[in-house]
Amino acid sequence: MTAVDNTLLADLQMRGLVNQMTSPEDLAEHLQESRVLYCGFDPTADSLHIGSLVPLLVLRRFQQAGHKPLALVGGATGMIGDPSFKAQERKLNTVDIIAQWVDRLKKQVSAFIEFNDHGNSAEVVNNYDWTKNVDVLTFLRDVGKHFSVSAMIQKESVKQRLDRDGEGISFTEFAYIILQSFDFSELYKQYNCSLQIGGSDQWGNITGGIDLTRRQHRAQVFGLTLPLVTKSDGTKFGKTESGTIWLDAKKTSQYAFYQFWINTADADVYKFLRFFTFLSEAEMVAIEEQDKAAQGKPQAQGVLAAEVTRLVHGEEGLQAALRISESLFSGQLEQLTGDDLQQLFLDGMPASDTQQAELTLVQVLVESGLAKSNKMAREFITNNAVSINGEKISEVDAVLSPASGLHGQYHVIKRGKKLFHLLRWA
RNA sequence: GGUGGGGUUCCCGAGUGGCCAAAGGGAUCAGACUGUAAAUCUGACGCGUAAGCUUCGGUGGUUCGAAUCCACCUCCCACCA
């Protein structure tokens with residue numbers, strides 16, 4: 001057996017990562033030995049987004065403390081759709097699509113946990129494996145019989161949906177909790193898994209599984225939920241003007257990912273350090289105090305962005321993100337060499353090639369996506385929001401050609417304070 | 001299956017024949033101020049340089065004119081069965 005770090009719970013609490021636990025004293029006692037725990041990830045898209053980062057990292061924290069993590073990919077539950085705290089019934093995705101997504105998620109999830117740790121290697125499991133062959137009658141008799149509908153409709157996670165005018169819930173979604181509960185019970189049976197973690201919205205589903213496991217196997221298992229990540233200004237965490245922040249570099253470049261964290265508000269950044277990094281409490285406190293003393297621009301955002309980008313995209317991904325960020329925000333674009341610019345291309349900076357001999361600035365803005373329409377492009381130019389190679393441009397009919405570019409080939413177009421696009425002339 | 005209520009621009013939500021590209025709020029974007037913050041102020045927010053064009057679940061109708069009226073279809077909700 002692997003040695004167990006029994007300060008784990010205290011560390012999680014220090015980080016603010018514990019929302020609720022079932023029987024806290026018993027759980028603390030239980031975790032004195034190496035245990036098996038799981039967390040589920042449903043395929044609702046072709047990639048996970050940063051909303052899943054907290055549970056993924058907590059799985060890792062458990063593994064580092066000597067426990068064995070199972071990352072469950074919801075091949076079965078993903079076909080149903082979790083209604084928990086969702087305002088509306090969701091559209092079902094096709095079976096093919098879900099199967100593709102499951103494959104993607106398996107890979108993604110795997111990056112956060114270790115598979116060759118001797119005593120407590122991680123495993124990825126798919127609930128489709130034990131759900132696909134259960135026939136309806138068996139399911140209703142052996143599993144469904146343990147659930148009381150009156151208890152299920154009391155669950156806070158579906159209550160608001162039931163109470164809300166203009167919305168309802170199908171039996172399919174209503175039955176979701178039974179499927180997830182069945183997972184916990186099965187994992188207990190197959191792996192002796194005795195703890196499920198998840199977001200705070202999963203409390204109802206987790207306690208459902210605990211009850212089912214007790215009824216089917218007369219076993220005491222545990223649940224722990226993590227807090228919902230909230231921002232001080234009340235807006236939703238994980239979204240920017242350009243949409244969701246994904247963990248897949250093809251959907252959100254390392255650069256964009258890094259920038260997302262750099263832009264964390266002061267009011268949130270110290271909390272996020274605790275949630276999303278493995279820095280020790282002492283290190284984090286030191287950062288906070290230095291920032292307070294310094295008065296100027298805090299360093300916390302930079303630390304957070306670097307740590308999280310490294311966790312998700314590796315050291316190389318971080319370096320790429322840093323190269324782009326430093327080039328663009330240093331304000332010294334003219335000092336970039338041709339090689340530097342070439343590297344930005346490779347690093348995943350938003351960029352495009354053109355074969356044209358010349359382009360109007362309005363065209364460039366629209367084609368690069370920096371402006372949604374010609375009208376908006378003109379508006380940006382007149383508002384002084386656009387600069388090229390570091391120089392503000394305010395002529396609506398400006399025209400670009402290779403000759404005016406850096407090294408006769410590149411234009412760095414900036415719209416607003418933070419959005420860039422690199423244009424290369426072929 | 002029956003009865004009733006709904007589907008408005010990214011979201012919420014007004015609008016019941018012309019004054020409606022459609023109130024108001026939120027979100028978002030830009031500028032000023034800054035630290036690639038926060039707060040605040042200003043402006044933008046269907047497309048089009050403009051004339052104008054395309055929108056209010058879908059199709060077809062009534063009308064000089066429809067998001068608004070009618071018919072059918074479709075989806076959602078509530079109650080009843």
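Chain identifiers are assigned alphabetically (A, B, ...) following the order of the sequence lines, protein sequences preceding nucleic acid strands; residue numbering begins at 1 within each chain. The structure displayed is predicted, hence computed values, not measured ones.
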Next on the checklist: Categorize A/Phe380 for me: base, sugar-phosphate, or nothing, with a 4.0 angstrom heavy-atom threshold over every strand shown.
Outcome noted: sugar-phosphate

Checklist entry - Rounded to the Å, how far apart are A/Lys372 NZ and B/rU9 C1'? => result 13 Å

Do any N or O atoms of the protein come closer than 3.5 Å to N or O atoms of nucleotides 49-54 of chain B, and which pairs are they?
{"residue": "B/rU49", "atom": "OP1", "partner": "A/Arg378", "partner atom": "NH2", "Å": "2.5"}
{"residue": "B/rU49", "atom": "OP2", "partner": "A/Arg378", "partner atom": "NH1", "Å": "2.4"}
{"residue": "B/rU49", "atom": "OP2", "partner": "A/Arg378", "partner atom": "NH2", "Å": "2.9"}
{"residue": "B/rU49", "atom": "O5'", "partner": "A/Arg378", "partner atom": "NH1", "Å": "3.2"}

Checklist entry - Rounded to the Å, how far apart are A/Gln301 CD and B/rU34 P? => result 19 Å

Checklist entry - Is there a Watson-Crick or G-U wobble partner for B/rC41 with both distances under 3.5 Å, and which nucleotide is it? => result B/rG31

Next on the checklist: Both distances below 3.5 Å, Watson-Crick or wobble geometry, any strand: find the nucleotide opposite B/rU55.
Outcome noted: none

Checklist entry - Hey, does the side-chain of A/Asn383 have a donor or acceptor N/O within less than 3.5 Å of a partner on the base of B/rG43? => result no

Checklist entry - At their closest point, which heavy atom of A/Ser110 faces which heavy atom of A/Phe115, and how far apart are they? => result O-CE1, 3.3 Å

Checklist entry - Who is the Watson-Crick or G-U wobble partner of B/rG48, with both distances under 3.5 Å? => result none

Checklist entry - Side chain of A/Ile262: nearest nucleotide among B/rG35, B/rU36, B/rA37? => result B/rU36

Checklist entry - Within 45° of the ring axis of A/Phe345 and under 6.0 Å from its six-membered ring centre, is that where the NZ or CZ of A/Arg424 lies? => result yes

Item to check | P spacing across the pair B/rU8 / B/rG48, given as an integer number of angstrom | outcome: 25 Å

Checklist outcome for this item: For B/rA23, the nucleotide meeting Watson-Crick or G-U wobble distances (both under 3.5 Å) is none

Checklist entry - Could you give the CD1-to-C1' distance, from A/Ile381 to B/rG43, as a whole number of Å? => result 17 Å

Checklist entry - Which one is paired to B/rC64, where only Watson-Crick or G-U wobble pairs with both distances under 3.5 angstrom count? => result B/rG18

Checklist outcome for this item: Rounded to whole Å, the NZ-C1' distance (A/Lys417 to B/rG35) equals 11 Å

Item to check | Parallel, tilted or perpendicular, as decided by the 30° and 60° cut-offs, for the rings of A/Phe272 and A/Phe276 | outcome: perpendicular

Next on the checklist: What is the separation between atom CG on A/Leu304 and atom P on B/rA37, rounded to the nearest whole Å?
Outcome noted: 16 Å

Checklist entry - In whole angstroms, how far is the P atom of B/rC29 from the NZ atom of A/Lys414? => result 16 Å

Checklist entry - Ring centres of A/Phe420 and A/Phe329 under 6.0 Å apart? => result yes

Checklist outcome for this item: Applying the 3.5 Å cut-off to both distances, the Watson-Crick or G-U partner of B/rG1 turns out to be B/rC80

Item to check | Between B/rG43 (P) and A/Asn384 (CG): distance, integer Å | outcome: 18 Å

Checklist entry - Short question: side chain of A/Arg310, backbone of A/Glu315 - any donor-acceptor pair under 3.5 Å? => result no

Item to check | A/Met376 vs A/Ala265, nearer the 5' end of RNA chain B by closest nucleotide | outcome: A/Ala265

Checklist entry - Just how far, in rounded Å, is C1' of B/rU34 from CG of A/Asp266? => result 11 Å

Checklist entry - A/Lys297 side chain N/O closer than 4.0 Å to the phosphate oxygens (OP1, OP2) of B/rU36? => result yes

Checklist entry - Centroid-to-centroid, A/Phe147 to A/Phe174, below 6.0 Å? => result no

Checklist outcome for this item: Ranking A/Pro298 and A/Lys392 by the position along RNA chain B of their nearest nucleotide, the one closer to 5' is A/Lys392

Checklist entry - Do the side-chain N or O atoms of A/Ser373 get closer than 4.0 angstrom to the phosphate oxygens (OP1, OP2) of B/rG48? => result yes

Item to check | Nearest-0.5 Å distance that lies between atom CG in A/Asp211 and atom CZ in A/Phe184 | outcome: 10.5 Å

Next on the checklist: Classify the ring geometry of A/His217 against A/Tyr188: parallel below 30°, tilted from 30° to 60°, perpendicular beyond 60°.
Outcome noted: tilted

